[in-house]
Each structure stands twice: as structure tokens, then as C-alpha cells.
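Letters A, B, ... mirror the listed sequences (proteins, then strands); counts begin at 1.
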Amino acid sequence: GQQLNQSPQSMFIQEGEDVSMNCTSSSIFNTWLWYKQDPGEGPVLLIALYKAGELTSNGRLTAQFGITRKDSFLNISASIPSDVGIYFCAGRSSQGGSEKLVFGKGTKLTVNP
Amino acid sequence: DAGVIQSPRHEVTEMGQEVTLRCKPISGHNSLFWYRQTMMRGLELLIYFNNNVPIDDSGMPEDRFSAKMPNASFSTLKIQPSEPRDSAVYFCASSLVGVGYGYTFGSGTRLTVV
């Protein structure tokens, strides 16, 4: 089945540093999504990307939909302690009109004050 | 909007007992998804419904698991009999088909089977 390879698995950074994480797939996706999960809660949508090459920002977050439609990255600038959490990429393929999202395994972010 | 509502938030049960997890999707959403999250396997899709009809249940682990959606505002995931390896966080999510939006997740049910 479809799989997303998300990296890195975990990151330990200092407050104020920039962060970058990415997802790759052997399959083509027509939608890429980035979620954040806080402890004890469900994932929350951060950014949605719908077109190859699209670059979208949401505050300090920037994400891009790869031109090949097989990858995406998420950047966080000037990290703050509340950025701590697990970040997931998710992709939806165009096959069969499926609404299924495939999720990466997540990147656990720790921000040291 | 109250979001996706799941109950209970925590469930501890003995092996062999029946467990029922409940979900109320966002009003107006016509797709509903049940996911299971574990450290080892991450987020796994168990089953999803479009307009209350099960579309894909290929992720349901075995016959002990069953899911129903009797109407647009309610779904259940049942495990009977439960086993310790079923211990995980179970999430329900809903979305609007065809719009391309991401899912909205509930806060999850943490299930512990002892």
C-alpha cells in the first residue's frame, strides 16, 4: 500500500531556531496536509496544499507541495516552546476518488527554552 | 462548532470484555473515519464511511472489530472480545467529501485492556 516516509523522526532544538521536516512517497498525491498533535489530543490541521509547486504559509509555518507531487516539506521559523509536539504529514491520492489520507509516522519536536 | 466529539476519553477494561467507542462528527460533514494510533504503527486507518455507508474497512484488524454509523451524527467502534494488544488511542475524524479539506479529529479514546 501507499506509504509516506517522514523525517526526521525526532528533533531537539533551541528556542529561536528554525526547523525543517519533510515527507516523501513513491506514489503521487494530489493533496498534502500537515498536522500537529499535542499530548492527549488529536492531530490538528496546520496547512493544506492542493497544487504541485504550491508554497503556503501560516504564520511562522511554511509548507511546500513538491513539483513531482511525491514530496512535501514543512518549515517552522523562530521556534518557541509551544511548538513542541508531533508533526504529521498526510497525503491523499487521486486514485478512485478516495477520501483516504495516508499519514507519515511523525516528527517529534522538542524545543528547549 | 463543538468539533468531533468522542467518548469515553479513557477506557480501562479486562481482556475478553466488550468495548464500545463512540463518535459524533461535525454537523454537515459526510465522511467519518476511525483511526488507531500506537507507538509502533503510528496512525492506522481502520474504516471510513461516506454518507453513513462503510466504504473501506480493509484496515479493520480482525472480526473482533466492527463499526456502525446508523445516522449522520453518530458512529460506534466495537471490539468484542477485547485483547491486551488492542490497547491504543482510537481517533474518530470527519470531513466534507469532495471539498479537499483535511480531516478534523476528535480528542481520542485511550483504551487499555488488562
Considering only heavy atoms, which portion of B:M40 lies under 4.5 Å from any heavy atom of chain A: side chain, backbone, both, or neither? backbone

Is there a chain of hydrophobic side chains (I, L, V, M, F, W, Y, each step under 4.5 Å between heavy atoms) that links A:L46 to A:F73? no

Ignoring hydrogens, what is the shortest heavy-atom contact between B:S107 and A:E41? Give both atom names and the distance. OG-OE1, 3.0 Å

Around atom CZ of B:R110, are there more than 12 heavy atoms from other residues, nucleotides or ligands closer than 6.0 Å? no

Just wondering, more than 12 heavy atoms not from B:N71 lying within 6.0 Å of its CG? yes

Closest heavy-atom pair, A:K100 versus B:S58, reported as atoms and distance to 0.1 Å, is NZ-OG, 4.5 Å

Counting only heavy atoms from other residues, nucleotides and ligands, does the tally under 6.0 Å from CD of A:Q14 exceed 12? yes

Nearest non-hydrogen partners of B:Y103 and A:R92, listed with the distance: CE2-NH2, 4.0 Å

Side chain from CB out, backbone as N, CA, C, O: work out which of these in B:R41 comes under 4.5 Å of a heavy atom of chain A, or both, or neither. backbone

Say whether A:L101 and A:L45 are linked into one hydrophobic cluster, either directly or through other cluster members, by side-chain heavy-atom distances under 4.5 angstrom. yes

Using heavy-atom distances under 4.5 Å, tell me whether B:Q37 contacts chain A through its side chain, its backbone, both, or neither. side chain

Taking C-beta and beyond as the side chain, do A:P43 and B:L43 meet within less than 4.5 Å on heavy atoms? yes

Ignoring hydrogens, what is the shortest heavy-atom contact between B:F91 and A:G42? Give both atom names and the distance. CE2-CA, 3.2 Å

Kindly say whether the aromatic ring centers of A:F103 and B:Y35 come within a distance under 6.0 Å. yes

Using the rule that two of Ile, Leu, Val, Met, Phe, Trp, Tyr join whenever any of their side-chain heavy atoms come within less than 4.5 Å, decide whether A:F65 and A:M21 are in one cluster. yes

A:Q9, CD atom: more than 12 neighbouring heavy atoms under 6.0 Å: no

